There are 4 protein chains.
Amino acid sequence: MSRKEIEREFKRQLIARSARDLFLAKSYEEVTVQDIASAAEFGKGTIYQYFSSKEEILYYLIYQDMAESMENLRRDCSEPDACECLNIYISNQYDLYMRGNRLFLSFLRLMLEGNLKPEWINATGIIREQKLEFVAGIIARGQADGVFIEADSLQLARALKNVVRGFTMEQLELQKKATKNTNDIELIKAVIFAGIMRKNDSG
Amino acid sequence: MSRKEIEREFKRQLIARSARDLFLAKSYEEVTVQDIASAAEFGKGTIYQYFSSKEEILYYLIYQDMAESMENLRRDCSEPDACECLNIYISNQYDLYMRGNRLFLSFLRLMLEGNLKPEWINATGIIREQKLEFVAGIIARGQADGVFIEADSLQLARALKNVVRGFTMEQLELQKKATKNTNDIELIKAVIFAGIMRKNDSG
Amino acid sequence: MSRKEIEREFKRQLIARSARDLFLAKSYEEVTVQDIASAAEFGKGTIYQYFSSKEEILYYLIYQDMAESMENLRRDCSEPDACECLNIYISNQYDLYMRGNRLFLSFLRLMLEGNLKPEWINATGIIREQKLEFVAGIIARGQADGVFIEADSLQLARALKNVVRGFTMEQLELQKKATKNTNDIELIKAVIFAGIMRKNDSG
Amino acid sequence: MSRKEIEREFKRQLIARSARDLFLAKSYEEVTVQDIASAAEFGKGTIYQYFSSKEEILYYLIYQDMAESMENLRRDCSEPDACECLNIYISNQYDLYMRGNRLFLSFLRLMLEGNLKPEWINATGIIREQKLEFVAGIIARGQADGVFIEADSLQLARALKNVVRGFTMEQLELQKKATKNTNDIELIKAVIFAGIMRKNDSG
DNA sequence: TATGAATGAGTTTTCATTCAT
DNA sequence: TATGAATGAAAACTCATTCAT
């Protein structure tokens, strides 16, 4: 990456960061490009030198969140204990959703309304699947160790993700601030583990 | 309710029904009041005789969905078998979300943006809690019967709801049509039950 | 035409008239829709109830000019003297261009840039051809009477039109006000009828 | 002209040439300064080292066209036969307009909107008059030879120009490509030289 | 001299809502 | 009660031009 490209990417980051703050404080829809420009201390036109549209800023933010989360997962889930790995995953995923749900929801709406470039949908879709497969891998490991029930690991991975997401959606609905809700994470884990854990009734 | 009021309510229904069809075909944001009026075969101004705003139509729709769902639940979960009751609840809730998620999401957004009358937020909040408590009651019944694990029944009810919601959100994300996804319902039940079921390892 | 339609057409006229005044005083490009609305004493949004776009206002204006001019021609050129008919045509056409050239030029530019609905291009094209054929008819009559040279009457009609247009373009270029320039009309007639060659009738 | 000046002028030519190609392919309005810079393989800022504005590029192009055309005329119309000279003039002028009409029209619009430096308007006006006088001179020569009718030679020169321009405008209107239209040139000559009236020399 | 990053003015169009009839 | 004509706020995006390097 040339110096030019590095500088460019740096400014994209600056703009995107300002945008994220605004998007989370208000909402994607309520924030104007002028707002973003002002917050980033740029002129409005300058924003368009770095992003082709307001939508692209949102995509950039979301893609980064997902990519970073995926990276964290790979880094933090290297240990052999599948159970512990899932614990980490759940916490990470919970945090990711709690932080980003409003953004994800706006992105989702844009997608459903057909206002998103297919390549953006693809790119996010790919990461989503990678993550799913990664988690499925962990589960498969656990299954091999006889810790988890025998079932399609990919389906179980989906279930995990969906349970986490459901809980975070609820927080949004209740207008709870995005504070770490340890109790909920425990509840999630309890439900999930008692669910997918093999019942070692034999002894 | 006087005849006048009955007639009025009838027309509100007409309008709301037309609106729902449109909201689901496109989205709340993409449908104009004119669209609704045309579909309902009324003049645009007439809509405002029956609803104070476009938002109120959405609220009306959502409130009805929730109320009806609550009613169904009460009707269908009268039998003593807690397990079977939860099965019914899960199916109902799954259907409810699959049908109405887009509407709920728009409602959520409007709420977060502060564009909803507090009374609407309250009214929906109350139903939500009623339902939660109703489900908690079922669970408590199951606990009393020794079928479910011992844990705060309200928390377990929340968990149930959130798991279902998480699964339905995923369908939205994947742009799946709102078709009954039996496999997913089974997966949900499997996770939930194996999770909250008391492990009868004793025999 | 129903009363509604008549009223609607009347308001379209009001708006279009205001627009014409502004377009001629400044130019199509320099006039904003807000300007038109203000001049017509309407709100900006109201303009869009009567015209789908600023471009359509221009089209409306131009189509009316052309249609009216065609009508005038039919009415005024009923007499048998082909020569006199052409005189009338030339005067009419000269006036038409002197009044409308700026509008025509904007319309032309919009067309070349592909910003005009094909139906508009067609509609104006049809009138143009009708007029051309009408003039060709006059010329054919003159030819039958032995007054005009034998040549393709449609080509001669084109020539007539083009000569007039050329003269009016020059006035625009010289920023002359759209005053009736009798001398030029005479010059046009002289050229068209006789050319610049001396008729060497002597031998 | 110093070497510096020559180099400068050379680069102005490079830029202008690139601009012309683009202006003719699309239109003055649709071409951005960035387009011109890219085509000329310069940075955008560099363009402003050689031209004070986008408008000046257009002026430069038009002035050159006119000057070159004037030059050609002087060179090609040295022979004594006035008739032949006019033939040459007509062909040249026809070509000039066919090539440059879109540019001229944009220039005209900018002028009418008051966006052109007075000196540019003057400069082009002067060439236009020179040309007119030159053609008038030819006509006067023809009149002296008894070839052309007796009439103000300047007026006849105007007529010539206007006839040619009218024909070329029509081509634009019909969206015809700028191909040499020999038939039209012949038609123009026929009209100009002889008019449409049958010479009733017989009596 | 060459560059391109930064700028912000400027305009069309949509649409929820009001209100006179 | 029903209507739809009138309204105007609101926002994304483009592009000629400037200027620091």
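The chains referred to below are lettered A, B, ... by the order of the sequence lines, with proteins before strands, and numbering in each begins at 1. Just so it is clear, the structure is predicted and the values come from calculations on it, not from any experiment. Heavy atoms only: backbone and side chains are in, while hydrogens, waters and symmetry mates are out.
Counting to the nearest Å, the P atom of F:dT14 and the CD atom of D:Q34 are 14 Å from each other. At whole-Å resolution of the value, CD1 in A:I36 and P in F:dC13 are 10 Å apart. Residue D:F51 contributes atom CZ, which lies 15 Å from atom P of F:dA16 at whole-angstrom precision. Distance OH (B:Y48) to P (E:dA20): 17 Å, rounded to an integer number of Å. In this structure, D:D35 places its CG atom 10 Å from C1' of F:dC15, rounding to the nearest Å.
For DNA chain E, the residues of residues 52-64 of chain C within the heavy-atom distance limit of 4.0 Å (strictly under) are C:S53, C:K54, sorted by number. DNA chain E is contacted by no residue of residues 12-30 of chain D, taking any non-hydrogen atom closer than 4.0 Å.
For residues 24-48 of chain B, the pairs satisfying ring pair (Phe, Tyr, Trp, His ring centres under 6.0 Å) are B:F23-B:Y28, with sequence neighbours left out. Sequence neighbours left out, the pairs with a member in residues 50-62 of chain A that pass side chain to side chain donor-acceptor pair (under 3.5 Å) are A:E9-A:Y60, A:Q13-A:Y60, A:S52-A:E56, A:Y60-A:Q64.
Taken from CE in A:M111 to CG in A:L105, the straight-line distance is 11.0 Å, to the nearest 0.5 Å.
For the strand DNA chain E, secondary-structure stems (runs of at least three Watson-Crick or G-U pairs, all distances below 3.5 Å) span E:2-21 with F:2-21.
Residues passing the ring pair (Phe, Tyr, Trp, His ring centres under 6.0 Å) test with D:F104, sequence neighbours excluded: D:Y97. By the side-chain contact (heavy atoms from CB on, under 4.5 Å) test, A:D65 pairs with A:R20, A:L96, A:R99, sequence neighbours left out. Residues passing the salt bridge (charged side-chain N to carboxylate O under 4.0 Å, His left out) test with C:E7 are C:R3, sequence neighbours excluded. Here A:E113 pairs with A:R109, A:N115, B:S27, B:E29, B:E30, B:R102 under the side-chain contact (heavy atoms from CB on, under 4.5 Å) rule; sequence neighbours left out. For A:S38, the side-chain contact (heavy atoms from CB on, under 4.5 Å) test picks out A:Q34, with sequence neighbours left out. Scanning for side-chain contact (heavy atoms from CB on, under 4.5 Å) contacts around D:E119 gives D:K117, with sequence neighbours left out.
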Atom pairs, protein N/O to nucleotides 1-5 of chain F N/O, distance under 3.5 Å:
unit_1, atom_1, unit_2, atom_2, d
F:dA2, OP1, B:K11, NZ, 2.8
F:dA2, OP2, B:Y50, OH, 2.7
F:dA2, N7, B:Q49, NE2, 3.1
F:dT3, OP2, B:G43, N, 2.9
F:dT3, OP2, B:T46, OG1, 2.6
F:dG4, N7, B:G45, N, 2.9

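For the residue pair D:T32/D:D35, the side-chain donor-acceptor check at 3.5 Å is satisfied.
Side-chain atoms of A:T124 come within 3.5 Å of backbone atoms of A:I121 as a donor-acceptor pair (strictly under, hydrogens ignored).
In this structure the side chain of D:L58 never reaches within 4.5 angstrom of the side chain of D:L116, judged on heavy atoms.
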Problem set entry | Verdict with reasoning, A:V33 to A:I57, per side chain to side chain contact (heavy atoms under 4.5 Å, CB included) | CA-CA 10 Å; A:V33 174; A:I57 301 179; 6.0 Å; no

